[in-house]
There are 2 protein chains.
Amino acid sequence: MTILFADDEDRDRGWLRSLLETNVKEHGPFHEAHDGQEAVDMALKIKPELVFLDIKMPRLSGIKAAELILEKLPTTGVIMLSNFSDEVYVRQLWKIVPPDGAFGYVLKNASNEQVVEACKAVLSGDCWIHPGIARVIQRTQNRATNLTSAEYEALVCISLGMTDHTIAKRLFLTEKAVQSRLKSLYAKLGIPGRGEGGENEFNQRCRANYLANKRGLINQQELDEWEAKLGAKAGA
Amino acid sequence: MTILFADDEDRDRGWLRSLLETNVKEHGPFHEAHDGQEAVDMALKIKPELVFLDIKMPRLSGIKAAELILEKLPTTGVIMLSNFSDEVYVRQLWKIVPPDGAFGYVLKNASNEQVVEACKAVLSGDCWIHPGIARVIQRTQNRATNLTSAEYEALVCISLGMTDHTIAKRLFLTEKAVQSRLKSLYAKLGIPGRGEGGENEFNQRCRANYLANKRGLINQQELDEWEAKLGAKAGA
DNA sequence: GCGGCTTCTGGGGTTTTCCCCAGACAATTG
DNA sequence: CAATTGTCTGGGGAAAACCCCAGAAGCCGC
């Protein structure tokens, strides 16, 4: 039984280590990585049966790391760890996991039992998804609530605080096109228009922000990365 | 040496327990609470010398718990644990800690050494503040960047997606007053006005949101609580 | 090949947000 | 006491955001 786990924080590595030591029979020494790149390197060398990957790690995200590992070793069991129940990540993960691969997605506020459960499931070829994410997954498959990439793009832009005009220039669109994207975005998020809100009238732009954050469609870290990307483009 | 720690997550209690067991000499059995209320009850009974409190806990937040404990037992050493480097919390904490009290503030991504360090500091009557928060504390004391409560209130409202008109009604102000608050808020966050942004024109409302989140002035959990409060008021 | 969907386009409108200006009042501070 | 700061007040104006409408191009599945 070869197990690798990757996390950049002392606390979480310690957590996993003691958890696995007491719950996995016939465990060998565990292999620990401190970031995504190290995890990939180690995985390719030791060919573990099971890999735990934190999503947020320096150098290489857990998602990317999983992609690289599964590319070479598609039968590896992968369990993602995350602080967030974010739709963004579930989305991304869905794309890279082989259709018949075994993987798990557990939130970091999971109980010890849940982690052990996920561990067993993945080792026996099943998937284990944290209860808190079940509804998220439903949403990614629902037409009426699942955002298209155009809408998502617009969402990111307004979340960064751009005006319609600025967005149009950045994405090479007309302002009308931007407004069109926003309109359908608001609709999918279920934000009432002017006059439909009764006593609670909303500023749709800001409301979209709030709801998107709440649903985990976006989060601060993701936005910061976008900001870096788009900001650089703007500087040129 | 009597030590109490309170956290609602398996992982973090496990972390603290093993950390303290290996690093604190002559430790007795540690006392563990699972939420804020339990922490207060236990503290009043066992009168610990040191208390670890997670900020985000069910029933009673760590901040409130600290307040109640310090009220009765002002000499207790308190170490707050947080996932965030949020200004909101530092602010609140500042108010309730007795001027000569010893307390610590450590982020949950701290290394094991840092926690031990904080522990020692507080036990010997010093304060220990996580490096990542030093600048936050500076900001809370800087005139030009520290928000007044009026500005903060406005910030929360726009982050929830309210319009000027809705805010005015909720807070019993004129719309002009709301705009006045927003204007100074934008200024303190350093958001350029119309025409001042050059190529990057901003929607100040949304930009304020983004920056406030980035600085930890607000976060999703806090907003959700406000939403519940203000939403209830609106329903009536 | 036909509907269905998304996306972009355009005209022409209302409301909201933000801008500049200036004044008044209370509380704090030197 | 004066000076400063935070807050609310007001008028009037420009720009942005949002509203309705309708049409056309492209892509997909049936």
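Below, chains carry the letters A, B, ... as their sequence lines are ordered, and counting in each starts from 1.
Residues passing the salt bridge (Lys or Arg N to Asp or Glu O under 4.0 Å) test with B:K214, sequence neighbours excluded: A:D224. Residues forming a side-chain hydrogen bond (donor to acceptor under 3.5 Å, both in side chains) with A:E151 (at least two apart in sequence, or on another chain): A:T148, A:S184, A:K188. Here B:T76 pairs with nothing under the side-chain hydrogen bond (donor to acceptor under 3.5 Å, both in side chains) rule; sequence neighbours left out. In this structure A:D8 satisfies the side-chain hydrogen bond (donor to acceptor under 3.5 Å, both in side chains) test with no other residue, sequence neighbours excluded. With sequence neighbours left out, B:D41 forms a side-chain contact (heavy atoms from CB on, under 4.5 Å) with B:Q37. Remark: B:A65 engages B:V40, B:L53, B:L60 in a side-chain contact (heavy atoms from CB on, under 4.5 Å) (not counting sequence neighbours). With sequence neighbours left out, the side-chain hydrogen bond (donor to acceptor under 3.5 Å, both in side chains) criterion links A:E117 to A:W128. Shown here are the salt bridge (Lys or Arg N to Asp or Glu O under 4.0 Å) partners of A:D12, two or more places apart in sequence or in another chain: A:K108, B:R11.
In terms of modelled atom types and a separation under 3.5 Å, the side chain of B:R207 and the main chain of A:L160 share a donor-acceptor contact.
Paired runs in DNA chain D that reach 3 or more consecutive Watson-Crick or G-U pairs, where each pair keeps both distances under 3.5 Å, cover C:4-16 with D:15-27, C:18-30 with D:1-13.
Atom NE2 in A:H165 sits roughly 17 Å away from atom C1' in C:dC18 (whole-Å rounding). Distance, A:L182 CG to C:dT9 P: 14 Å, rounded to whole Å. Whole-Å rounding puts the A:F172 CZ to C:dT9 P distance at 14 Å.
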- request: Can you check each nucleotide of nucleotides 25-30 of chain D against protein heavy atoms at under 4.0 Å and return B for base, S for sugar-phosphate only, - for none, in 5' to 3' order?
  value: ------
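Using a 4.0 Å heavy-atom cutoff across all strands shown, A:S180 reaches at least one base atom of the nucleic acid.
Residue B:K188 has its side chain nearest to D:dG6 when only D:dG6, D:dT9, C:dC8 are considered. Distance from the side chain of B:R181 is smallest for D:dC8 among the nucleotides C:dC8, D:dC18, D:dC8. The A:E151 side chain lies nearest to C:dT7 when the options are C:dT7, C:dC18, D:dC19. Counting only heavy atoms from C-beta on, B:Q204 has its side chain closest to C:dC19 among D:dC18, C:dC19, C:dC8.
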Could I get a table of every N or O pair under 3.5 Å where one atom is in the protein and the other is in nucleotides 10-14 of chain C?
residue: C:dG11; atom: O6; partner: A:K176; partner atom: NZ; Å: 3.0
residue: C:dG12; atom: O6; partner: A:K176; partner atom: NZ; Å: 2.7

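Judged as a side chain to side chain donor-acceptor pair (under 3.5 Å), the pairs with a partner in residues 171-180 of chain B (not counting sequence neighbours) are, in order, B:D164-B:Q179.
When each of B:N203 and B:V178 is assigned the nucleotide of DNA chain D bearing its nearest heavy atom, the one mapping closer to the 5' terminus is B:V178.
Going from atom CD1 of A:I69 over to atom NZ of A:K64 covers 14.0 Å, rounded to the nearest 0.5 Å.
Note on A:T148: a side-chain N or O is less than 4.0 Å away from OP1 or OP2 of C:dT7.
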